[in-house]
Amino acid sequence: MPAMAAGGELQLLGCWYSPYAIRAKVALGLKGLSYEYIEQDLFSKTDLLLKSNPVHKKVPVLIHGGRPVCESLVVVQYVDEAWPGTGPPLLPAGAHDRATARFWAAFIDDDKFFQPWRRLMRSTTGEQRAEAFKNVVPQFEILEQGFMECSKGKAFFGGDAIGLADIALGSFLLWFKVVDEVSGTKLLDEAKFPGLAAWAERFLAVDAVREAMPEFQRLLVHYKGFLAGLASSAAPAAS
């Protein structure tokens with residue numbers, strides 16, 4: 001099915017490995033919107049990015065008719081509200097259900113969840129990884145319970161279809177996999193987190209998600225290079 005026109009010029013500033021840019025890609029893909037994707041080098045930021053997001057200077061930035069929309073969860077909600085009759089809704093109709101979806105999306109970006117995960121992702125030794133993994137597991141236990149409550153027994157956090165909270169967490173799934181590959185962990189262990197593990201498989205099987213995700217091997221190489229840089233910068237200088 002061809003992508004629908006976006007009702008005006010639509011550009012997305014992103015970075016291929018950024019889970020936050022992936023969120024925007026998934027939302028646009030689910031809505032069937034066509035857009036121009038402009039890859040950004042986060043170590044040499046373009047004037048367009050700096051002009052479009054002068055506060056945070058980060059991706060993603062969605063530019064609609066020349067006007068920028070910044071921050072990934074804001075972009076997802078903007079896409080849902082700007083094209084309400086296009087594609088599936090990304091937020092439920094009921095006020096309480098909408099608030100619940102926003103709560104879990106915010107939890108994923110909150111320090112309570114994100115910082116333990118970030119420490120695991122940035123660990124370069126076995127000792128660091130063991131400690132970080134121990135601290136991140138309780139956060140996945142919270143998410144497992146949250147999924148059960150939010151999905152109400154259906155396939156996704158959003159119910160029958162992907163919604164805001166699905167996109168917020170799902171954008172990290174390939175990152176979880178490459179970290180597992182390197183560290184020997186299993187973040188979405190089917191025995192510990194059966195709901196999340198099954199949800200992850202369903203999420204990654206959706207066409208719009210597959211198209212938005214980077215290639216696993218490429219991301220793995222990027223991650224190993226990132227860790228090598230961290231280990232090198234942490235090593236004591238030779239005397």
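Quick note: residue numbers are just sequence positions, from 1. Hydrogens, waters and symmetry mates are skipped; everything else that's a heavy atom, side chains included, is used.
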Verdict with supporting geometry, D97 and K152, salt bridge (Lys or Arg N to Asp or Glu O under 4.0 Å): CA-CA 11 Å; D97 288 341; K152 301 175 182 176; 3.4 Å; yes

Q40 and T46: CA distance, side-chain angles, deciding distance, side-chain contact (heavy atoms from CB on, under 4.5 Å) verdict: CA-CA 7 Å; Q40 301 294 302; T46 64; 2.7 Å; yes

Check against side-chain contact (heavy atoms from CB on, under 4.5 Å), T100 and W104: CA-CA 6 Å; T100 300; W104 287 110; 3.9 Å; yes

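In this structure, V75 and E71 have side chains that are not in contact, with every pair of non-hydrogen atoms separated by 4.5 Å or more. A heavy-atom distance below 4.5 Å is found between the side chains of K45 and K57. The side-chain heavy atoms of V61 and L12, taken from C-beta on, include no pair separated by under 4.5 Å. A 4.5 Å side-chain heavy-atom check between L30 and I167 finds at least one atom pair inside the cut-off. Proximity of K58 to L13: side-chain heavy atoms (C-beta onward) are nowhere separated by under 4.5 Å. Looking at heavy atoms from C-beta onward, V26 lies out of side-chain contact with E211 at the 4.5 angstrom threshold. Side-chain contact between I142 and Q145: absent, with no pair of heavy atoms (C-beta onward) separated by less than 4.5 Å. Side-chain contact between L143 and I108 is present, with at least one heavy-atom pair separated by less than 4.5 Å.
The cluster map of Ile, Leu, Val, Met, Phe, Trp and Tyr, joined by side-chain heavy atoms under 4.5 Å apart, puts F43 and L50 in different clusters. Linking Ile, Leu, Val, Met, Phe, Trp and Tyr residues whenever their side-chain heavy atoms come within less than 4.5 Å places L42 and Y20 in a single cluster. No single ILVMFWY cluster, assembled from side-chain heavy atoms under 4.5 Å apart, contains both V178 and V221. Cluster annotation: F216 and L227 are assigned to the same hydrophobic cluster (Ile/Leu/Val/Met/Phe/Trp/Tyr, side-chain heavy-atom contacts under 4.5 Å, transitive).
Screening L73, L28, L164 against R23 for a side chain to side chain contact (heavy atoms under 4.5 Å, CB included) leaves a single residue, L73. For the pairing with W117, the ring-ring contact (aromatic ring centres under 6.0 Å, His included) check across F133, F176, W175, F140 returns one residue only, F176.
Other residues, nucleotides and ligands contribute over 12 non-hydrogen atoms within 6.0 Å of the CG atom of D41. Atom CD of E127 is surrounded by 12 or fewer heavy atoms from other residues, nucleotides or ligands within 6.0 Å. Taking a 6.0 Å sphere around CD of E201, one finds it holds 12 or fewer heavy atoms contributed by other residues, nucleotides or ligands.
Contact detail for E39 and C15: the closest heavy-atom pair is OE2-CA, 3.4 Å. Nearest heavy atoms, F226 versus R122: CZ-NH1, 3.6 Å. Residues L120 and Y223 come closest through the heavy atom pair O-OH, 4.1 Å. Here the closest heavy-atom approach between residue I63 and residue L48 is recorded as CD1-CD1, 4.1 Å. A93 approaches R98 most closely through the heavy-atom pair O-CD, 3.8 Å.
Salt-bridge check for D166 with R202: failed, with every basic side-chain N at 4.0 Å or more from each acidic carboxylate O. Looking at D180 and K186, no side-chain N of the basic residue comes within less than 4.0 Å of a carboxylate O on the acidic one, giving no salt bridge.
Checked by atom type, the side-chain pair R129/S183 shows no donor-acceptor distance below 3.5 Å. When only modelled atom types and interatomic distance are considered, R102 and Q77 share a side-chain donor-acceptor pair under 3.5 Å.
Ring centroids of F157 and W199 are separated by less than 6.0 Å, placing the two rings close together.
The backbone N or O of A132 lies less than 3.5 Å from no partner atom in the side chain of R119, so there is not a single donor-acceptor pair. Put simply, the side chain of N53 gets close to the backbone of H56: a donor and an acceptor are under 3.5 Å apart.
Ring pair F107/F103 is parallel by interplanar angle, where below 30° counts as parallel and above 60° as perpendicular.
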